[in-house]
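Before I ask anything, here is the structure I am working with.
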Amino acid sequence: MAPASRARLSVDLDALAHNFHAIAAEAEGAEVAPVLKADGYGLGAGPVARRLRREGARTFFVARLAEGEALRAELGQGEAQIMVLDGFTPGAGERLAASGLTPVLNGVGQVSAAVAFAASARAPLPCALQIDTGMNRQGLTLEQAAALAQAPDRLRGLDIGLVLSHLGSATQPGHPRNAEQLAAFRRVRDLFPEARASLSSSAGAFLGANYRFDMVRPGISLFGGGPEERPDPRLRAVATLAAPILDIRRLAPGDPVGYGVSIRAEHATRVAVVGAGYADGVIRAARRSGKAWAAGAHRRIYIVDMDLTVVEIGDADLHPGDMVELLGPHALLDDLAAAAGSIAHECLVRLSPRAERLYVERALAPI
Ligand SMILES: *Cc1c(COP(=O)(O)O)cnc(C)c1O
């Protein structure tokens with residue numbers, strides 16, 4: 001490949017496919033329904049969804065109505081079910097119908113709005129129902145769900161194909177809240193025995209058979225984020241952000257680097273000035289402790305500015321024009337997130353369009 005003159009974000013669609021099947025193996029028979037909100041976790045919902053579709057995905061989730069419309073345009077009418085987590089927001093009925101999107105109803109107000117819409121459209125409205133089993137964020141309470149289940153009139157015209165809930169502590173397998181939410185979700189499933197059931201996102205999909213139900217909804221693990229917020233050997237890195245070395249400089253002990261004087265060389269060393277910064281999606285909070293990868297070793301990140309990242313390279317044989325991996329198969333997403341005091345999800349969605357984008361996949365046989 002020709003040397004890059006600017007930062008490059010490559011998205012490895014084969015690694016994505018690998019992760020999809022790794023999760024499917026873990027989920028043993030449950031449907032794997034990718035969550036592609038925020039433009040496919042920043043990596044491009046269109047190319048990501050098309051590849052996952054080829055790998056067998058039949059249902060996708062997005063957060064916003066507009067994300068659903070964009071994904072429908074990418075996939076085409078009739079191709080796969082697209083569920084909108086925001087649900088039946090005011091005025092959404094016509095747009096949901098026009099793009100063939102399935103709302104995830106989150107509250108009694110949404111349920112009544114959907115019932116009214118179905119009555120005026122004189123057609124059953126496919127939808128899902130989200131129940132809050134203990135995260136206290138989104139969804140009907142258990143009591144509201146039970147009241148609805150006993151009053152079929154209040155659900156008239158709704159074709160509830162799925163009931164779902166979301167785990168708040170699944171990245172900690174031993175946390176007691178997991179078992180509490182599981183018990184609550186079993187009650188939900190019994191209230192709506194005709195509907196399929198889904199409790200787990202990425203982390204939950206790895207919690208064992210009890211948590212799988214009919215469908216798991218992974219997002220981050222499709223892109224290589226480990227279910228316990230640390231690198232997991234079963235998953236491969238999908239996003240690689242690399243940028244060229246623009247310059248190499250020598251530092252004497254105590255030399256300050258960049259803005260302010262709080263970050264200083266601890267010893268005589270060399271640093272590489274790399275052509276990507278937080279405007280490209282390198283998390284600024286990863287300065288001081290984050291690790292990049294170059295010339296076969298991890299390299300400490302000194303500072304992250306808008307356009308530049310300074311990385312300690314010691315006496316490594318590196319030159320201007322050589323590429324430094326700021327995120328990828330060596331500078332792992334979960335490690336970067338930990339260094340930045342964040343989570344893998346945020347590190348991915350912050351990747352910006354400034355870096356040149358490249359989708360990488362081996363040639364696929366036509367289907
Ligand atoms: C974002 C989200 C997911 C996916 O979560 P990951 O941790 O990325 O796997 C699943 N379900 C719901 C309701 C979500 O909001």
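Numbering of ligands and ligand atoms starts at 1, following listing order.
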**Report entry** Side-chain touch His166/Ser201, heavy atoms, less than 4.5 angstrom
**Finding:** yes
Query raised in the report: Quick one: nearest non-hydrogen protein atom to atom 5 (O) of ligand 1, plus distance?
Result: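 Answer for atom 5 (O) of ligand 1: Ser201 CB, 3.3 Å.
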Requested in this report: Could you check atom 12 (C) of ligand 1 against the protein and tell me its nearest heavy-atom contact, residue, atom and distance included?
Outcome: His166 CE1, 3.4 Å
Query raised in the report: Where the side chain of Asp305 meets the backbone of Asp307, is there a donor-acceptor pair that is under 3.5 Å apart?
Result: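 No; zero donor-acceptor contacts below 3.5 Å.
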Report task. Report whether Leu332 and Val304 are members of the same hydrophobic cluster (ILVMFWY, side-chain heavy atoms less than 4.5 Å apart, transitive linking). Result ->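 Each belongs to a different hydrophobic cluster.
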Requested in this report: Report the part of His345 in contact with ligand 1, treating N, CA, C, O as backbone and CB onward as side chain, heavy atoms under 4.0 Å; options are side chain, backbone, both, neither.
Outcome: side chain
Query raised in the report: Quick one: does Pro218 get a heavy atom under 4.0 Å from ligand 1?
Result: yes
Query raised in the report: How far is atom 9 (O) of ligand 1 from its nearest protein heavy atom, and which residue and atom name does that atom have?
Result: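 It is Ser202 OG, 2.5 Å.
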**Report entry** Proximity to ligand 1 by part of Leu85, non-hydrogen separation under 4.0 Å
**Finding:**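 Only the side chain of Leu85 comes within reach of ligand 1.
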Query raised in the report: Can you list the ligand 1 atoms lying under 4.0 Å from a non-hydrogen atom of Ile220?
Result: 6 (P), 7 (O), 8 (O), 9 (O)
**Report entry** Close side-chain approach of Phe185 and Leu167, heavy atoms under 4.5 Å
**Finding:**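 When only atoms from C-beta onward are counted, Leu167 and Phe185 do not touch, as no gap falls below 4.5 Å.
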Query raised in the report: Where does Val35 meet ligand 1, judged by heavy-atom distances below 4.0 Å: at the side chain, the backbone, both, or neither?
Result: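 Side chain only; the backbone of Val35 stays clear of ligand 1.
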Report task. Please examine the side chains of Leu65 and Asp86, heavy atoms only from C-beta on, and report whether any two atoms are closer than 4.5 Å. Result -> no
Query raised in the report: What do we get for Arg217 next to ligand 1 when only non-hydrogen atoms under 4.0 Å count, side chain, backbone, both or neither?
Result: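 Both parts.
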Query raised in the report: Looking only at heavy atoms of Tyr41, does any of them come nearer than 4.0 Å to an atom of ligand 1?
Result: yes
**Report entry** Smallest separation among heavy atoms of Arg6 and Arg354, with atom names
**Finding:** NH1-O, 3.0 Å
Query raised in the report: How far is atom 14 (C) of ligand 1 from its nearest protein heavy atom, and which residue and atom is that?
Result: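 Looking only at protein heavy atoms, the one closest to atom 14 (C) of ligand 1 is Lys37 NZ, 2.9 Å.
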Requested in this report: Verify, without hydrogens or angle tests, whether Asp132 (side chain) and Met135 (backbone) share a donor-acceptor contact under 3.5 angstrom.
Outcome: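 Yes, the answer is positive, given that a donor and an acceptor are paired below the 3.5 Å cut-off.
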